[in-house]
Amino acid sequence: MTFANALIALALVLGVTGGLYGVAHLVRLGSTGVGMRPFLSGHDPAEHALSRFHVRWYALTMIFLAFDMEMVFMYPWALVVAEKGTSAVVEMFVFLAILMAGVVYAWREGALRWT
Amino acid sequence: MIELTPWWGALLLPPVLAAFAVAAAVFDSALTARAAGAPAPRAAAGAPLRAAGGLLLQQRRRTLAADAPLWRGAGITLAAAGVLASLVTPLGRWAVGDLSVGIVWFNAMEIVAWAAVWLAGWGANSAFGLVGGYRFIAQGLSYELPHMFALTAPAIGAGSLRVADVVSAQDGLWFAVWMPVAFLVFLATVLAMAFRRPFDHPVSRDTAGGVLAELSGVDRLVFLAGRWLLLVSGAGMAVALFLGGGAGPLLPAWLWSVLKTAAVLAALVWAGHRLPTVRMDRFAELAWLVLIPATLLQALFVSIVVI
Amino acid sequence: MTLQDYLLLAAALFSVGLYGALSQQSIVMIMMGLELMINAVIVGGAAFWYFTSPDRPDGQVVVVLAVTAMAIEMAMGFAVTTAVFRARDVDMTDMAADLRD
Amino acid sequence: MDLRGWLSRRLPVRPLVVPVPGGTASRLAAERTCRTRGWYSAASPAEANLLVVAGATDGALEAAVERVWQSMPAPRARAAIARAEHAEGQLDAAEATLRDTFRQRRQATETVHPGPEPEMAGRGEDRDGLMLDQLTVPLGPVLPEWPAGLVLHTTVQGDVIQDARVELLGLGQVSGGTPWWPYGGGTPRRGLAARHLDTCASLLTLAGAGRAAITARRLRDDVLLGRPAAELTGPLRRWSAGVRRSWPLRWLLSGLGPVDDDLAPPPHLAGDVLARLRRFATAAEEALADLDEDGALPGRSGDESGDAQWTIETLPRLLAGSELAAARLLVASLDPDIEALTGREVRP
Amino acid sequence: MWQEIVFWLCAAGAVGTGIAVFRVDSMARATFALLASFLFGAGTVLLVELTYLGVLVILMMIMEMVIMVVFMVMYMMNPAGLMPMSMLHNQRGSLAIAAGTFALLTAGIYLVDWPTSRAPRPGDPTKALGEALMGPKMLVMIVLGLALFATIVATVVLATNRGRYDRYGDRLERDRPDDPVRGGVGR
């Protein structure tokens with residue numbers, strides 16, 4: 001039932017968006033401007049912007065990947081914490097403490113800052 | 001207590017969200033007009049609808065060597081994610097969808113915004129758009145974990161990931177009362193999720209509108225509508241998880257939900273007007289070293305109360 | 001929708017991933033091949049849980065393990081690629097074969 | 001029912017104001033008119049539908065404005081404001097052309113003449129050891145919240161500026177070689193208060209503090225309109241206290257773009273972006289305190305050519321290695337007045 | 001009945017986008033084709049009533065693919081596929097090996113008679129997973145926790161260019177780290 005409702009809502013959103021594109025096509029003043037130059041304060045672009053972008057926080061992505069996997073365990077843990085009692089709480093928070101130790105180590109190494 | 005609406009309920013979901021989005025946009029432009037001393041703020045009430053009309057009229061643009069399919073898809077994906085995020089949020093007694101893992105579904109739908117905003121920035125083949133798109137991913141990496149722990153706290157409190165159970169578990173006392181840290185962090189991360197001010201660095205003016213630098217016409221309209229819908233869905237989920245959904249003394253349940261969501265939306269938009277734009281090279285450390293331990297302690301406190 | 005269909009899908013995904021991992025030169029593309037294989041493991045694990053032992057949680061634990069292993073593999077892969085790129089200034093597996101330092 | 005006409009009559013106007021050296025008066029007039037009419041300025045040509053050129057343009061500046069005009073989507077209108085008094089009239093005329101759908105449709109079919117074809121980006125060294133692609137990003141004449149006439153040709157890797165080269169455009173246009181600030185704004189103290197408020201307004205807009213920036217612009221316009229000092233001190237003191245005591249601004253701007261002493265900066269440009277913002281806010285307050293006397297001028301001295309010259313020379317050193325966002329805040333906090341340089345021969 | 005249709009749709013989609021990952025030359029398109037393949041895979045997992053794991057795969061895979069695209073665009077030769085170039089080697093061999101494994105696996109699938117179980121389905125598989133992780137499968141969680149900690153340390157060691165000795169001086173005596181960009185906490 002939820003699956004059907006989700007599909008109906010999605011179909012309606014795509015329909016409305018299509019409708020907007022249709023109305024825009026109807027009332028358009030001119031055809032889509034093709035080959036426009038990107039905005040660089042009035043200058044012509046010297047290179048394509050689609051290049052190897054030097055991201056400054058790549059260490060943050062790796063720490064995020066590792067820490068995020070902890071969430072995989074936390075969601076089912078949230079269901080059973082009421083029955084399992086203190087042992088589940090202790091286990092999960094030991095698990096979290098280990099990962100937080102990793103994050104503090106990364107902070108000391110300067111990985112949370114932009115290079 | 002929350003029962004599933006039949007199929008036509010799903011048809012009502014996008015219009016209700018759109019109504020909330022327009023109301024929030026009107027409130028936002030009224031605030032800006034009052035600050036700028038422009039003509040009567042009442043005239044600003046029509047500004048968002050006039051702006052939408054203007055965007056419909058505006059000519060669309062495609063930059064040179066742009067990745068057009070991915071770029072156009074970004075706006076539509078953002079709008080779809082904005083609507084699907086509140087599939088499981090109950091309005092009063094009705095909910096369009098009822099998943100046993102509603103909270104995880106809401107979390108998954110807002111992550112779609114990461115891909116959509118990056119694509120809008122990357123697809124335009126423009127330096128400012130690229131910088132804006134990457135800023136949003138840095139923002140995502142910083143706000144996501146406090147957000148997840150803030151979502152987990154009510155789940156622990158209710159012992160279930162189903163939003164209906166979380167709402168019914170708040171009969172006695174609303175979760176916002178005994179999970180204040182999780183509530184505040186959740187509201188802040190809802191602003192970050194919808195890249196609204198103060199977390200609007202990806203679309204800020206220092207890079208000529210960042211991700212929005214090359215978007216015009218109906219593509220821009222769909223993208224901005226998606227952004228508003230995401231904010232409305234976040235506010236709706238905040239009401240369901242922390243403010244007891246439809247619970248309230250006199251008025252019918254759905255009216256309580258509407259009032260609470262409107263109040264949360266107004267608070268979020270108002271907070272946006274008060275705070276400067278937060279840059280991520282400063283916020284990342286704050287999020288990882290202050291917000292994550294705070295929400296973890298909140299989760300610890302909640303789990304101790306629960307066992 | 002039988003166990004064989006699911007395993008067929010898993011096998012197809014696995015072999016596409018294998019093709020990708022073997023035919024690509026850049027480390028990052030090889031990782032994408034690896035991930036397609038882990039996608040196959042996820043679909044296979046879910047199928048085994050549903051069809052052969054729904055009462056025991058082992059199938060689900062396999063899927064959780066696969067998701068976590070994929071994240072760890074990605075994080076380590078990117079760290080190695082960054083280290084190789086910084087040292088060797090290239091990300092091609094052929095040229096990076098002599099990882100001496 | 002002509003939907004196109006109905007929509008274009010209700011279209012909100014989004015102006016993109018292009019500041020030009022020698023056109024400060026018309027820029028201020030244009031900004032005031034747009035603000036009072038509730039037209040919020042656009043951040044990029046894709047969002048704009050009204051191009052307002054405040055002052056006379058020539059040579060390279062004209063070419064830049066023309067390229068921005070080409071990349072603006074229809075419906076679009078253009079207004080060149082040579083003198084401040086004509087601002088109201090020309091903006092009304094431009095708005096009329098904007099809402100005239102027949103002319104917009106004919107205009108929209110113009111062909112866009114393409115510029116040179118960009119090629120692939122090249123690689124370059126970087127401070128963190130990864131040799132990746134570098135883009136040349138000119139922070140040029142037509143950019144919101146940017147000093148008039150200044151062009152910075154920067155090589156950017158990721159979002160960090162590797163090196164920057166300064167170029168000045170449109171210097172020939174400054175009428176009679178006398179800068180507008182601070183004497184153009186009535187008495188020198190009133191002009192100086194407006195000058196500080198203008199710098200704070202653009203810096204606060206870039207820092208994202210929307211309300212404080214709009215209030216600064218309203219106060220600047222009131223000061224320039226000649227409203228009595230008694231009326232302005234209350235709101236100005238509240239605004240200035242708000243800016244100085246705002247802890248988010250302190251957390252975000254402290255330690256950004258530091259100017260240390262070996263660069264021998266003029267006294268009021270020393271310190272970091274936060275120090276300069278606070279100094280200008282207090283200077284605006286002091287200049288307003290005794291508005292119509294001629295005592296010592298706080299903050300920037302009357303003659304700004306020294307500041308502008310120093311800024312032009314040290315900008316490349318200051319910007320090398322700073323991020324795009326930090327660089328924009330740094331340039332907005334220094335805010336060199338290019339017009340002041342016309343009195344002296346220019347050595348970028 | 002509709003489950004059959006949805007299953008075959010998802011299966012065809014997953015394999016189709018999987019092949020597209022190595023056919024398309026723009027890195028962004030390759031990564032989002034891989035994401036589409038994962039989403040179709042998650043669709044099949046949802047069909048098998050494992051709602052938590054299905055939605056979890058959607059959540060985790062979108063995040064990982066966005067991070068993957070960051071690195072794809074950072075290190076690949078021409079990230080947007082504007083310059084046609086081929087990054088393949090010994091295509092023939094790998095195609096043969098892949099086809100061989102596929103044939104082998106399919107034969108195995110159809111020859112082996114898989115055990116089928118009549119055991120009762122648990123009401124809420126997620127709760128079953130939770131109990132398992134807390135009970136008998138606790139070892140899995142703790143071992144993975146340590147593995148994640150090791151990953152954080154290893155990635156920071158491998159990827160960062162300046163360690164704590166560059167920031168705080170050789171004997172860690174400096175109290176203010178000299179970083180190119182200041183962070184939000186501390187100096």
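In what follows, chains are A, B, ... by sequence order, proteins preceding strands, each numbered from 1.
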Given D:T136, D:L139, D:D133, the one with more heavy-atom pairs under 4.5 angstrom with chain A than any other is D:D133
Which one wins on heavy-atom pair count under 4.5 Å against chain A: D:V160, D:D128, D:V68? D:D128
Could you tell me which of D:G140, D:A63, D:P118, D:A64 has the largest number of non-hydrogen atom pairs under 4.5 Å with chain A? D:P118
Return the CZ to CZ distance between D:F102 and D:R4, rounded to the nearest 0.5 Å. 12.0 Å
Between D:P19 and D:V17, what is the shortest heavy-atom contact and its length? CD-O, 3.4 Å
Considering only heavy atoms, which portion of D:E323 lies under 4.5 Å from any heavy atom of chain A: side chain, backbone, both, or neither? side chain
Geometric class of the A:W114/A:W57 ring pair [parallel <30°, tilted 30-60°, perpendicular >60°]: tilted
Contact origin within D:V151 toward chain A - heavy atom pairs under 4.5 Å: side chain
Any side-chain donor-acceptor pair under 3.5 Å between D:E339 and D:T24? yes
Any idea which of A:L40, A:D44, A:L26 has the most non-hydrogen atom pairs under 4.5 angstrom with chain D? A:D44
Could you tell me whether D:D126 and A:R56 make a salt bridge, using a distance below 4.0 angstrom between a side-chain N and a carboxylate O? yes
